[in-house]
Amino acid sequence: MGSPMFELMRHDVTFPLYVEVDEIYNLACPASPIHYQHDPVQTTKTSVHGAINMLGLAKRVGARILQASTSEVYGDPVVHPQTEDYWGHVNPIGFRSCYDEGKRCAETLFFDYRRQHDLGIKVMRIFNTYGPRMHAHDGRVVSNFVVQALRGEPITIYGDGRQTRSFCYVDDLVDAMVRLMGTPHEVTGPINVGNPNEFTMLTLAETVLEITGSSSDLVFKDLPHDDPQQRRPDITLARESLGWQPTVELEEGLRRTVEYFARTLPARA
Ligand SMILES: O=C(O)[C@H]1O[C@H](OP(=O)(O)OP(=O)(O)OC[C@H]2O[C@@H](n3ccc(=O)[nH]c3=O)[C@H](O)[C@@H]2O)[C@H](O)[C@@H](O)[C@@H]1O
């Protein structure tokens with residue numbers, strides 16, 4: 001970031017952008033369910049208008065473009081683990097739909113730009129990524145549990161805590177992203193990127209308590225609408241076409257995340 005070649009621009013992707021670039025990583029969109037449901041219309045606009053604007057930019061300047069898609073395109077999956085050819089089980093009119101359907105429509109746009117304009121597209125379906133530099137109020141499960149444990153506050157388990165997720169450490173994700181961008185034109189994805197080790201939210205809570213040495217209690221809260229019961233990526237395609245697999249397992253990734261929050265969390269007033 002200290003390089004004189006580096007330029008940071010603050011821009012809302014729902015408006016067109018005119019810059020000269022070779023590669024575009026389109027990561028724009030709130031990712032935490034509580035944040036993306038706060039202004040759902042804007043969430044859909046960010047995914048759909050944002051994709052149109054970034055694809056238009058890629059077409060104009062001949063750039064390659066990578067879309068941060070999501071495991072949420074599979075909805076509450078009935079196929080397990082999820083492979084890229086599974087079309088998903090998504091509620092089109094629910095509270096999560098702004099995100100799920102927005103990201104699904106963005107994928108449609110990417111593939112239509114490919115078919116109509118032969119654009120260099122790369123679509124990556126990201127599964128539950130976490131790590132240092134998450135916001136303390138992000139609202140997703142890993143940062144919630146870590147912050148609660150460090151503060152000695154109750155750990156909020158939604159539902160009975162037996163739903164599962166497969167957590168990917170951020171450095172592994174970034175590595176896969178850069179590899180995907182560097183693949184030949186014929187590699188478009190969609191391609192799952194995540195860590196296939198699957199845990200219940202109860203196990204996650206116990207692991208966080210163990211690592212932090214916290215004595216926080218567990219409290220059980222209502223399960224959010226349409227919360228997927230199970231999620232685990234099949235990453236055969238990522239292994240084959242990117243030569244990639246995750247290297248940081250949950251316990252190590254949590255240790256690094258705990259260390260980050262322990263260092264940066266402001267003391268409670
Ligand atoms: O990363 C993904 O693959 C996608 O899934 C996430 O959705 P979700 O898996 O529901 O993410 P969390 O909010 O972290 O929740 C994970 C599980 O933990 C539970 N949870 C969450 C927070 C909490 O305090 N307690 C708790 O038990 C949720 O109910 C859910 O079952 C987000 O929608 C996106 O960031 C993303 O695209």
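Both counts, for ligands and for their atoms, begin at 1 and track the order of listing. Note: hydrogens, waters and symmetry copies are ignored here, and every other heavy atom, side chains too, is used.
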Chemist: Applying salt bridge (Lys or Arg N to Asp or Glu O under 4.0 Å), which residue pairs with at least one partner in residues 158-170 are found, sequence neighbours left out?
Modeler: D160-R162, R165-D227

Chemist: Any pair with a residue in residues 43-56 that passes side-chain hydrogen bond (donor to acceptor under 3.5 Å, both in side chains), sequence neighbours left out, goes on the list, sorted by first then second residue, please.
Modeler: none

Chemist: Assess the side chains of R231 and Y74: does a donor N or O sit below 3.5 Å from an acceptor N or O?
Modeler: no

Chemist: Sequence neighbours left out, what passes side-chain contact (heavy atoms from CB on, under 4.5 Å) with N195? Give chain and number order.
Modeler: C168, N197, P246, E249

Chemist: Going by side chain to side chain contact (heavy atoms under 4.5 Å, CB included), V219 matches just one of I157, T156, I155. Which one?
Modeler: T156

Chemist: To the closest 0.5 Å, what do you measure between CG (D172) and OG1 (T129)?
Modeler: 9.0 Å

Chemist: Select all protein residues for which some heavy-atom-to-ligand 1 distance is less than 4.0 Å, and list them by chain and number.
Modeler: A31, P33, Y36, T70, S71, E72, R96, Y99, I126, F127, N128, G139, R140, V141, N144, F145, T156, I157, Y158, Q163, R165, M201, P224, D227, R231

